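Report on the structure given below.
Computed over heavy atoms, backbone and side chain alike; hydrogens, waters and symmetry mates excluded. Computed from a predicted model, the values in this text were never measured in an experiment.
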Amino acid sequence: MSKGLRRFLILVVVAVLLFFVISQPEGAADVVRSILAIIGDALSSIATFFRSLF
């Protein structure tokens with residue numbers, strides 16, 4: 001992927017995220033909470049796995 005295309009795609013993603021946060025802040029907060037919950041559950045599962053090994 002060329003640097004110009006990569007930079008353009010990053011700018012588009014940032015613009016869409018900003019639009020979403022500005023137009024629907026509660027919806028954006030819900031999405032972030034959901035993502036953090038998924039990451040937390042995954043880390044908890046990995047920790048449980050390693051605890052059960054030892």
Side-chain angles (χ1 to χ4, degrees):
M1 188 179 319
S2 71
K3 286 185 178 182
L5 178 60
R6 182 175 180 202
R7 184 174 294 157
F8 174 74
L9 290 175
I10 289 172
L11 288 173
V12 168
V13 168
V14 169
V16 169
L17 289 175
L18 283 174
F19 174 76
F20 185 58
V21 168
I22 291 169
S23 65
Q24 298 179 13
E26 292 177 4
D30 288 339
V31 169
V32 171
R33 276 190 222 107
S34 297
I35 290 171
L36 291 176
I38 290 169
I39 292 171
D41 291 343
L43 291 175
S44 176
S45 297
I46 291 169
T48 302
F49 169 75
F50 281 110
R51 271 188 250 128
S52 67
L53 286 177
F54 302 107

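Among residue pairs with one or both ends in residues 26-40, those qualifying as side-chain hydrogen bond (donor to acceptor under 3.5 Å, both in side chains) are D30-R33; sequence neighbours excluded. The stretch residues 7-24 participates, sequence neighbours left out, in no side-chain hydrogen bond (donor to acceptor under 3.5 Å, both in side chains) pair at all. Sorted by first and then second residue, the side-chain hydrogen bond (donor to acceptor under 3.5 Å, both in side chains) pairs with a member in residues 40-54 form an empty list; sequence neighbours excluded.
The hydrophobic cluster around L53 extends to I46, F49, F50, F54, counting ILVMFWY residues whose side-chain heavy atoms fall within less than 4.5 Å of a member. In the hydrophobic clustering (ILVMFWY side chains linked at under 4.5 Å, chained through shared members), V31 is joined by F20, I35, I39, L43.
The only option from V16, L17, L11 that meets the side chain to side chain contact (heavy atoms under 4.5 Å, CB included) definition with V13 turns out to be L17.
Legend: residues meeting side chain to side chain contact (heavy atoms under 4.5 Å, CB included) with V32, ordered by chain and number and at least two apart, are L36.
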